[in-house]
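In the text below, chain A, chain B and the rest are named by the order of the sequence lines, each starting its count at 1. Side chains included, hydrogens not; waters and symmetry mates left out as well; all remaining heavy atoms used. Given the structure is predicted, the values throughout are model-derived calculations rather than measurements.
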Number of protein chains: 2
Amino acid sequence: MTDRSHAAGKPIRTAISDEDGIDFAIIELLFFAYRDFTSDPDQILADYGFGRAHHRVLHFVNRRPGLTVAELLDVLKITKQSLARVLKQLIDTDHVVQLQGPRDRRQRELYPTAKGRALALALARPQSRRIHAALGDSGITERTLVERFLEAMVNPELRAQIDVGSAKMSGKSHGEH
Amino acid sequence: MTDRSHAAGKPIRTAISDEDGIDFAIIELLFFAYRDFTSDPDQILADYGFGRAHHRVLHFVNRRPGLTVAELLDVLKITKQSLARVLKQLIDTDHVVQLQGPRDRRQRELYPTAKGRALALALARPQSRRIHAALGDSGITERTLVERFLEAMVNPELRAQIDVGSAKMSGKSHGEH
DNA sequence: AGATTATGTCAGTACTATTGACGTAATTTC
DNA sequence: GAAATTACGTCAATAGTACTGACATAATCT
């Protein structure tokens with residue numbers, strides 16, 4: 001099994017480090033940080049028979065109540081078919097409700113129920129605790145620094161999807177002007 | 001379809017914000033940042049018929065040449081069966097080679113080939129560019145701040161897996177003393 | 001009336017992951 | 001030296017999340 005016949009390449013024994021100025025340290029840290037960050041809610045979700053997809057839908061429905069199916073697809077960057085099953089389960093279990101769009105009756109505006117809001121909060125709580133602990137541990141007094149870095153990591157053309165201050169989307173939600 | 005009969009919960013129309021002091025802003029930013037961060041290499045991987053799992057294996061084999069299968073499983077937090085197919089493909093395509101462990105011949109030490117190293121670099125390049133651009137855009141002069149924050153986001157008991165300075169793991173690799 | 005839009009749904013597929021079971025070879029323990 | 005343990009590989013079955021393509025319905029726009 002260890003034979004490397006048939007012209008296999010020779011093993012490279014030196015670790016990749018900063019060749020070509022690649023920032024492997026932060027690349028790797030992002031992997032570890034995100035891995036553990038998402039592991040928090042995963043255990044709660046398992047109790048409901050839900051997965052990460054449910055979490056993401058629930059999160060954005062709570063953050064932007066009244067968003068339409070099309071808007072949700074755009075934020076999540078998934079297809080209609082992928083969303084269908086997940087959204088249906090959330091509606092069947094009374095975490096999310098659909099309302100006919102007032103202006104356009106074809107649209108379905110999505111809203112959380114009290115149950116859906118409670119679950120969203122329960123899922124966010126351990127994640128928020130982790131963030132606050134991390135800010136404290138790393139001695140970063142200005143959380144703005146982390147916010148700015150993360151925002152700058154997002155594709156420029158997609159930054160419109162973000163509402164950092166949660167102020168832009170208080171009254172009416174989307175694309176109003 | 002918009003009937004909410006059978007005792008459905010009432011829609012909540014106010015956006016979740018900072019109730020209970022939950023840090024929704026950073027929670028959401030982490031989602032967006034990671035979504036776009038991983039989208040970079042995905043396109044390159046598609047050309048090889050590979051997925052994110054291949055990328056992760058390739059990354060760690062390059063970062064810690066000579067790690068064993070068991071160590072890799074521990075870092076990735078997946079099962080042997082999940083790794084099997086992915087690793088086999090990387091070996092068959094001559095990106096990774098296995099060598100018999102010198103001390104323990106049951107072990108398979110994993111090393112990148114020149115081909116595997118080249119691919120790892122190609123995958124890391126756009127991610128590194130994004131990170132540097134983000135550090136610049138956000139006006140963070142000290143990259144240490146971001147590193148410290150991300151490291152603090154990782155579960156304390158798992159921080160041993162990280163080698164930030166890529167200095168800890170130069171000569172001998174893993175689990176010494 | 002006809003085209004377009006928003007949504008839902010069906011069929012088929014792919015990738016990544018899971019658990020459980022079993023086999024083999026090497027090492028360790030007694 | 002025999003027995004137990006360890007490291008790895010593999011087979012079978014299953015689940016969650018995603019994909020493409022196609023089609024249907026209702027509402028709106030032209």
Verdict with supporting geometry, Arg35(A) and Asn155(B), side chain to side chain donor-acceptor pair (under 3.5 Å): CA-CA 10 Å; Arg35(A) 181 195 65 180; Asn155(B) 284 354; over 6 Å; no
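- Between Lys88(B) and Ser82(A), the residue anchored closer to the 5' end of DNA chain D is Lys88(B), taking for each the nucleotide with the nearest heavy atom.
- Computed from coordinates, the Leu87(A) CG to dT9(C) C1' distance equals 13 Å when rounded to whole Å.
- Rounded to whole Å, the distance from CD on Glu109(B) to C1' on dC8(D) is 14 Å.
- Side-chain N/O atoms of Arg108(A) include none lying less than 4.0 angstrom from OP1 or OP2 on dA6(C).
- Distance Asp92(A) CG to dG8(C) C1': 14 Å, rounded to the nearest Å.
- Computed from coordinates, the Gln98(A) CD to dA6(C) P distance equals 16 Å when rounded to whole Å.
- Phe37(A) has its side chain within reach of Ile27(B): a pair of non-hydrogen atoms, C-beta onward, lies under 4.5 Å apart.
- As a whole-Å value, the separation of Arg85(B) CZ from dT16(C) C1' is 6 Å.
- Rounded to an integer number of Å, the gap from Phe50(B) CZ to dT16(C) P is 10 Å.
- A search for side-chain hydrogen bond (donor to acceptor under 3.5 Å, both in side chains) contacts involving Asp23(B) returns Arg143(A), not counting sequence neighbours.
- Rounded to whole angstrom, the span from the CD atom of Gln89(A) across to the P atom of dT9(C) amounts to 13 Å.
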Under 4.0 Å protein heavy-atom contacts per nucleotide of nucleotides 20-30 of chain C, with B for base, S for backbone only and - for none: BB---BBS---
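- Shown here are the side-chain hydrogen bond (donor to acceptor under 3.5 Å, both in side chains) partners of Arg56(B), two or more places apart in sequence or in another chain: there are none.
- The distance between atom CG of Leu83(B) and atom C1' of dT18(C), rounded to the nearest whole Å, is 14 Å.
- Linking Ile, Leu, Val, Met, Phe, Trp and Tyr whenever their side-chain heavy atoms come within less than 4.5 Å puts Leu83(B) and Ile91(B) in one cluster.
- Here side chain to side chain donor-acceptor pair (under 3.5 Å) pairs that include residues 82-91 of chain A, with residues two or more places apart or in two chains, are His54(A)-Gln89(A), Thr79(A)-Ser82(A), Arg85(A)-Gln89(A), Lys88(A)-Asp92(A).
- The stretch residues 72-79 of chain A touches DNA chain D through Lys77(A), Ile78(A), Thr79(A), each having a heavy atom under 4.0 angstrom from the strand.
- Shown for residues 51-61 of chain B: no residue has heavy atoms falling under 4.0 angstrom of DNA chain D.
- Side-chain contact check for Leu30(A) versus Gln127(B): every heavy-atom pair is 4.5 Å or farther apart.
- With respect to Leu110(B), the side chain to side chain contact (heavy atoms under 4.5 Å, CB included) criterion is satisfied by exactly one of Thr68(B), Leu99(B), Leu87(B): Leu87(B).
- Between Phe60(B) and Phe32(A), the ring planes are tilted. Angles from 30° to 60° get that label.
- Ring geometry, Phe24(B) versus His59(A): the interplanar angle falls from 30° to 60°, so the pair is classed tilted.
- Closest non-hydrogen pair, Arg106(A) versus Arg108(A), comes out as O-NH1, 3.2 Å.
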